[in-house]
Visitor: 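Take a look at the following structure, please.
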Amino acid sequence: MIVPCQGLRLVVNGRERKEPTPVTVEDKVEILPVEERQEGYWRVKVSGNKLEALLQMQPGVIRRRRLKDLPPAQVLQLETREQESFYPPFTLEDLVRELKSQGIQYGIDWQACARLAEVPAEGTWTIARGRPALPGKDATVVLLFTTQDKVPVTIKEEEQNVNFRERFQFTSVEPGTVLARKHPVTQGQPGRAVTGEIILPPEPREIGLVALQGAILSENGLEVVAARAGRPVARKTKDRVIIEVIPALSHGGNVDLTSGNITFSGDVIIAGQVEEGMAIEAGGNVYVGDTISRAMVRAGGSIEVAGNVFVSVLAAGGTTAFQQGLSPLLTRIADDLERLLAAIKQLLRHPSLKKDDLKGGIGPLVLLLMEKKFQDLASTVELLQKEVQRLHSIPLGAPEGLLNDLEYLARSPLAIKRMGCLEAMLKKVTTWREDIGATPQVEADVTINYAVNSTIVATGNIKVVGDGCYHSRLQAGKSVTINGVFRGGEIQAQGDIYIRELGSRSGTETRVVTRSGARVTAGHVFENTSIQIGPRLHSFNQEERGVSLWLDREGEIIKHYFTTPVL
């Protein structure tokens, strides 16, 4: 009995058998090995950037078999030995024709092509490489002056015993000073694709060097030189760097009715006082050598006052300084309006609501929601109205009609008839908030000696280097440092706050607010003082010394006591 197996053909007396077959010595038995052939696969592909030609190949397979020698048996189970060999699915001539048909003509590795045609292997190989284009260099402009509007004054060794308070010197240049130097573009080198096309490098970016007032552009256009003494300023746009020198306005006396209000695009230096009812508006820094009383000082840069500040408003950083305080209120109003609209839409879809109930408009729903769910919206609108009213002389950029619309909503929610009214309000609030966020943030500081009943606003730091502040409001985009006392009023900051003495023994209400992640440190704190860090509020019910507060990772207030001096 012979039992056939796969890969062998059993032929008995000229007839192929696929089942076990008995045989005798009279039978003619043939056992024929079966050879299998599996076709291979190949293709040539050009990369997306045309810098490579890739050969993908799956070799063909030939499986050859032979009969395994077996000992005699009554039932002979046939077995085979199998051997695989690979053969290339293409010839070198086939590959040459394919390269030609695809237009591949540059950077061909003929040695690799010949090797792969003779010794096939599965995989992907690079058989042609192009030459990439070498990019050039963009034009650049190097500023040869500090962009800081002020630098700290260096204290000489012999001045160590002088009663010196922290001061800065405004940046200035003399005529003939080279302010900026341009490095022109460097052109790149073209490359070549495997298909023969020339690959052009990206065009290097040109940048113009422009000199405005107080500056001169050299004949070759590569340097800007100061034409007068003053403060150098650089402005960068998408394709230009603009250099100018702004002279400082120096006023030797007081700012009073004789001089009139002072408005200047650059720095302003006042030797004397700023008297009652007067105003200074400067595009740069402001320095006042004496007292400011019942006046307003607005600066696009920093403000420094050597004397005291009484019942006045100081704002460093231009209109942005005032707008910083509005942004959180606008965010709260926008969030409440958005949630109010969503709640009204949900109620309108509710099956229990009858259309006849709202014949006069959606006012009843607005009133219901503002009384039950959005009680804080009216109070936030009131806070915004008060802040804008306090700054009535400052252009804050409010969209036309928005403040009246919000006041109407807060006072008469029942009178709101259409969803479109609320949607229009939300759009205006969002636009105003986005405009404030898009305004370039200039980091401008305020440094004063002493303040009473005043408002001090800065986009940067506020430093009080003298006795302190009484019944004042401080708003800083960064940190607040007070060497003396802060009694009565409020401090709002986005950074750390350091105060030597906070509050008063008489219990005058004093409030400090800063963001999460900041730290409030005070050497001496009196009762009726509250400190808010992010969403957390801590009130002092008794006098405490050497205390520092911050939020831990869970958002809870940590209070730490120390014995070393605060400042």
Side-chain angles (χ1 to χ4, degrees), residues 2-12 14-18 29-70 77-138 185-204:
I2 299 178
V3 181
C5 68
Q6 188 176 1
L8 294 175
R9 292 178 59 215
L10 173 63
V11 180
V12 179
R15 181 183 173 191
E16 185 172 352
R17 302 295 182 93
K18 295 185 177 181
V29 178
E30 296 176 279
I31 299 175
L32 306 174
V34 177
E35 182 176 292
E36 290 184 7
R37 191 179 189 92
Q38 181 179 317
E39 293 296 322
Y41 163 82
W42 70 284
R43 75 165 180 165
V44 175
K45 181 181 177 182
V46 177
S47 63
N49 58 11
K50 295 188 176 182
L51 289 175
E52 286 185 320
L54 304 172
L55 171 63
Q56 295 177 340
M57 178 170 56
Q58 175 71 50
V61 181
I62 299 175
R63 293 184 180 86
R64 293 184 175 89
R65 299 181 177 89
R66 64 184 181 85
L67 180 62
K68 184 178 179 181
D69 194 15
L70 298 169
Q77 173 68 58
L78 300 182
E79 294 181 27
T80 64
R81 292 187 184 277
E82 187 173 281
Q83 184 179 13
E84 285 187 351
S85 62
F86 301 94
Y87 68 95
F90 62 89
T91 65
L92 184 57
E93 289 75 20
D94 295 332
L95 183 56
V96 171
R97 281 193 296 270
E98 182 63 21
L99 293 174
K100 187 176 181 180
S101 70
Q102 294 196 34
I104 300 169
Q105 55 182 282
Y106 179 80
I108 300 173
D109 186 346
W110 291 111
Q111 288 185 348
C113 292
R115 184 178 67 253
L116 292 169
E118 292 178 1
V119 184
E122 182 179 354
T124 301
W125 289 269
T126 300
I127 58 173
R129 295 183 187 274
R131 185 179 71 246
L134 296 177
K137 292 184 179 180
D138 296 340
V185 298
T186 301
Q187 296 296 331
Q189 296 181 9
R192 195 171 177 187
V194 293
T195 51
E197 300 114 338
I198 300 299
I199 301 175
L200 297 177
E203 194 66 28

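Just so it is clear, the model here is predicted, and its values are computed rather than measured. Below, each value reflects all heavy atoms present in this structure, side chains not excepted, and no hydrogens, waters or symmetry copies.
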Visitor: Quick check on E84: does its CD atom have over 12 non-hydrogen neighbours (other residues, nucleotides or ligands) under 6.0 Å away?
Guide: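 Count over threshold, so yes.
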Visitor: Please answer whether the main-chain N or O of R131 pairs with a side-chain N or O of R192 as donor and acceptor at a distance below 3.5 Å.
Guide: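 The answer is no, because no donor-acceptor pair under 3.5 Å joins these two groups.
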Visitor: Could you give all pairs that pass the salt bridge (charged side-chain N to carboxylate O under 4.0 Å, His left out) test and reach residues 48-60, with sequence neighbours left out?
Guide: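 The answer is K50-E197, E52-R129.
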Visitor: Considering non-hydrogen atoms only, spot the tightest contact between L70 and E79 and give its length.
Guide: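 The pair with the smallest heavy-atom distance is CD1-N, 4.1 Å.
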Visitor: Is any side-chain heavy atom of W110 closer than 4.5 Å to one of L95?
Guide: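 Sidechains of W110 and L95: no contact.
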Visitor: Between I127 and C113, what is the shortest heavy-atom contact and its length?
Guide: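 Closest approach of I127 to C113: CB-SG, 3.9 Å.
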Visitor: Please name the residue in the list R64, R65, K68 that meets the side chain to side chain donor-acceptor pair (under 3.5 Å) test with E82.
Guide: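 Of all the options given, the one that passes is R65.
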Visitor: Which heavy atom of L8 sits nearest to which heavy atom of L67, and what is that distance?
Guide: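 Nearest heavy atoms, L8 then L67: CD1-CD1, 3.6 Å.
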Visitor: To the nearest 0.5 Å, what is the distance between CG on D94 and CG on L99?
Guide: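 Going from CG on D94 over to CG on L99, the span is 11.0 Å.
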Visitor: With rounding to the nearest 0.5 angstrom, report the OG1 to CD distance, T124 to Q58.
Guide: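 So the gap between those two atoms works out to 10.5 Å.
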Visitor: For F90, give me all partners under ring pair (Phe, Tyr, Trp, His ring centres under 6.0 Å), at least two apart in sequence or on another chain.
Guide: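 So F90 forms a ring pair (Phe, Tyr, Trp, His ring centres under 6.0 Å) with W42.
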Visitor: Which atom names give the shortest non-hydrogen contact between D138 and V185, and what distance separates them?
Guide: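 For D138 and V185, the tightest heavy-atom pair comes out as C-CG1, 4.2 Å.
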Visitor: Write down the atom of P201, the atom of P135, and the distance for their closest heavy-atom approach.
Guide: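 In terms of heavy atoms, the two residues are closest at CB-CA, 4.3 Å.
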Visitor: Under 3.5 Å, is there a donor-acceptor pair between the side chain of Q102 and the main chain of V44?
Guide: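 Pair found, side chain donor or acceptor close to backbone of V44.
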Visitor: Can you check side chain to side chain contact (heavy atoms under 4.5 Å, CB included) on L51 and I199, steps first, answer last?
Guide: CA-CA 9 Å; L51 289 175; I199 301 175; 3.5 Å; yes
Visitor: Can you confirm whether M57 sits close enough to P89 that some side-chain heavy atom of one is under 4.5 Å from a side-chain heavy atom of the other?
Guide: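 Side chain of M57 against side chain of P89, heavy atoms only: contact under 4.5 Å found.
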Visitor: Hey, could you give me the CZ/OG1 distance between R97 and T91, rounded to the nearest 0.5 Å?
Guide: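 Spacing of CZ (R97) from OG1 (T91) equals 6.0 Å.
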Visitor: Does any non-hydrogen side-chain atom of P33 lie less than 4.5 Å from one of T80?
Guide: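 Counting from C-beta outward, T80 and P33 never come under 4.5 Å.
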Visitor: Please indicate whether R66 has more than 12 foreign heavy atoms, meaning atoms of other residues, nucleotides or ligands, lying under 6.0 Å from its CZ.
Guide: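 Atom CZ in R66 is not packed in, count stays at 12 or less.
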Visitor: Shortest non-hydrogen contact from Y87 to V61?
Guide: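 Taking Y87 first and V61 second, the nearest heavy atoms are CE2-N, 3.5 Å.
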Visitor: Are R43 and Q56 linked by a side-chain donor-acceptor pair shorter than 3.5 Å?
Guide: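 The criterion, which ignores hydrogens and geometry beyond distance, is satisfied for Q56 and R43.
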Visitor: What pairs meet the salt bridge (charged side-chain N to carboxylate O under 4.0 Å, His left out) rule with one or both residues in residues 102-124, with sequence neighbours excluded?
Guide: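 For residues 102-124: none.
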Visitor: Considering residues, nucleotides and ligands other than E30, do more than 12 of their heavy atoms fall under 6.0 Å from its CD?
Guide: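 Count over threshold, so yes.
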Visitor: Do the side chains of I31 and L10 get nearer than 4.5 Å, heavy atoms only?
Guide: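 Yes - at least one pair of side-chain heavy atoms lies under 4.5 Å apart.
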Visitor: For L54, which of V194, V46, T126 qualifies under side chain to side chain contact (heavy atoms under 4.5 Å, CB included)?
Guide: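 Going through V194, V46, T126 one by one, the side chain to side chain contact (heavy atoms under 4.5 Å, CB included) with L54 is satisfied by T126 alone.
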Visitor: Does atom CD (Q6) have a neighbourhood of more than 12 heavy atoms from anything else shown, all under 6.0 Å?
Guide: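 At most 12 heavy atoms, drawn from other residues, nucleotides or ligands, come within 6.0 Å of this atom.
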